[in-house]
Visitor: 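Sending over a structure as structure tokens; questions will come in a sec.
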Amino acid sequence: MKYEIKCIGVLTSGGDSPGMNAAIRSVTRAAIFNGIRVKAIYRGYKGLITGEITEFQTQNVSNIIQQGGTILKSARCAEFRTPEGRKMAFDNMEKHGIDALVVIGGDGTFTGARIFAQEFNVPIIGLPGTIDNDLYGTDSTIGYDTALNTIVEAVDKIRDTASSHERLFFIEVMGRDAGFLALNSGLASGAEAAIIPEKKTQLAQLEELVKNGFRKSKNSSIVLVAESELTGGANALAEHMRTEYPEYDVRVTILGHLQRGGSPTAYDRIIASRMGVAAIEALLEEQRSVMIGIVNDVIVNVPFTKAIKDDKPVNEKLLNVLHMLSI
Ligand code: F6P
């Protein structure tokens, strides 16, 4: 007999990302379109444990497709990592008549979902919502494109002052140990280099560039740095430069959380809308514990284990492009 899904719960968890609201809207409307009720769960898994749950109608998600952040709020929940916490979450699902979940977030969100699904036999579908783009099985995560554009806008502004003062800037961007944002924003902003954790020899390459006098034909230099222990971060690199090459006038900008905010780009709204519909379709097709991805413009279902564990490779050829174009 088919497992009938009459009511789903939807939540956002982990770091928020632009486009999460578009995903909530899509999941809600696609579910209602298919005759499924929707319960909105606030503050991620925390709200599932404490019972912060209300029913959504189509109008609850009106006028949110263009809004950054998440109307459902987000949290990182330590209690959900305990069996007691997950039992309380399951009890609340039963109490509110929730048969299945759609969770929107990153690898932490899917790790929790995978364990919960296994323990209580709960159907769960994930949508990749993170600016980091570090989930295997999708070309882009919801929020990555917006963050990339936000970074490029900021770097363009820094370039103005960098040129006026003939300075070398290290600009640190987010990514949680993944170099997608640093590498691609470097390319899009015409940066001189990108230091990413996937390529451990980047520091050596940077030194090489400096030794060859990469400012000869230029009056400013910009290096994008991915936040990570492996890159050392922008401050450490700047310190190194100041000591080794005192002739450079070095400055640091850490872009921080401004990268997570703002209205989502058209691209993020579109993939969020497509993925939300695909999540409901996957549930109706009895898919379980998979993340919805888009690869080469085609919707794919990726098991949580693969999405979390397999390393998504950055295209290292792009470093060569950046290098070639920075002469
Ligand atoms: O995962 C998204 C992200 O923005 C990472 O890029 C960053 O390392 C982290 O979240 C920051 O987390 P918080 O908002 O908890 O400081």
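When a ligand or atom number is given, it counts from 1 through the structure's own listing order. All values derive from a computational prediction rather than experimental measurement.
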Visitor: So for ligand 1, is G175 a polar contact partner (N or O within less than 3.5 Å, distance only)?
Guide: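 Checking ligand 1 against G175, an N or O pair does fall under 3.5 Å apart.
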Visitor: Between the side chains of E55 and H96, does any donor sit under 3.5 Å from an acceptor?
Guide: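 H96 and E55 do not have a side-chain donor-acceptor pair below 3.5 Å.
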Visitor: Who's the nearest protein heavy-atom neighbour of atom 15 (O) of ligand 1, and how far?
Guide: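 Minimum-distance protein heavy atom for atom 15 (O) of ligand 1 reads R76 NH1, 2.5 Å.
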Visitor: Considering only protein heavy atoms, which is closest to atom 11 (C) of ligand 1, and at what distance to one decimal place?
Guide: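 Nearest protein contact, heavy atoms only, for atom 11 (C) of ligand 1 is R260 NH1, 3.6 Å.
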Visitor: Is the shortest distance from a heavy atom of G106 to ligand 1 less than 4.0 Å?
Guide: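 For ligand 1, residue contact (heavy atoms, under 4.0 Å) with G106 is absent.
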Visitor: Counting the benzene-type ring for Trp, do F80 and F116 have ring centres under 6.0 Å apart?
Guide: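 Yes, the ring centres sit under 6.0 Å apart.
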Visitor: Is there side-chain contact between C7 and K39, with at least one heavy-atom pair below 4.5 Å?
Guide: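 Counting from C-beta outward, C7 and K39 do come under 4.5 Å.
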Visitor: Which of the atoms in ligand 1, numbered in the order shown and given with their element, are less than 4.0 Å from a heavy-atom of E227?
Guide: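 Counting atoms of ligand 1 from 1, those under 4.0 Å from E227 are 5 (C), 6 (O), 7 (C), 8 (O).
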Visitor: Can you tell which of D134, D132, T141 gets a heavy atom nearest to atom 6 (O) of ligand 1?
Guide: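 When every heavy atom of D134, D132, T141 is considered, D132 comes closest to atom 6 (O) of ligand 1.
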Visitor: Check the orientation of F56 and Y42. Use parallel for under 30°, tilted for 30 to 60°, and perpendicular for over 60°.
Guide: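 Judged by the thresholds at 30° and 60°, the geometry between F56 and Y42 is perpendicular.
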Visitor: So, is the end of the K312 side chain (NZ or CZ) under 6.0 Å from the ring centre of F180 and within 45° of the ring's axis?
Guide: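 Geometry flag: set, cation within 6.0 Å and 45°.
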Visitor: List the closest protein heavy-atom neighbour of atom 9 (C) of ligand 1: residue, atom name, distance to the nearest 0.1 Å.
Guide: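 Residue, atom and distance for the closest contact: R176 NH2, 3.5 Å.
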Visitor: Quick check: do V103 and Y45 have side-chain heavy atoms less than 4.5 Å from each other?
Guide: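 In contact.
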Visitor: Should you measure from each heavy atom of H257, which atoms of ligand 1 turn up under 4.0 Å away?
Guide: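 By the 4.0 Å cutoff, the relevant atoms are 13 (P), 14 (O), 16 (O).
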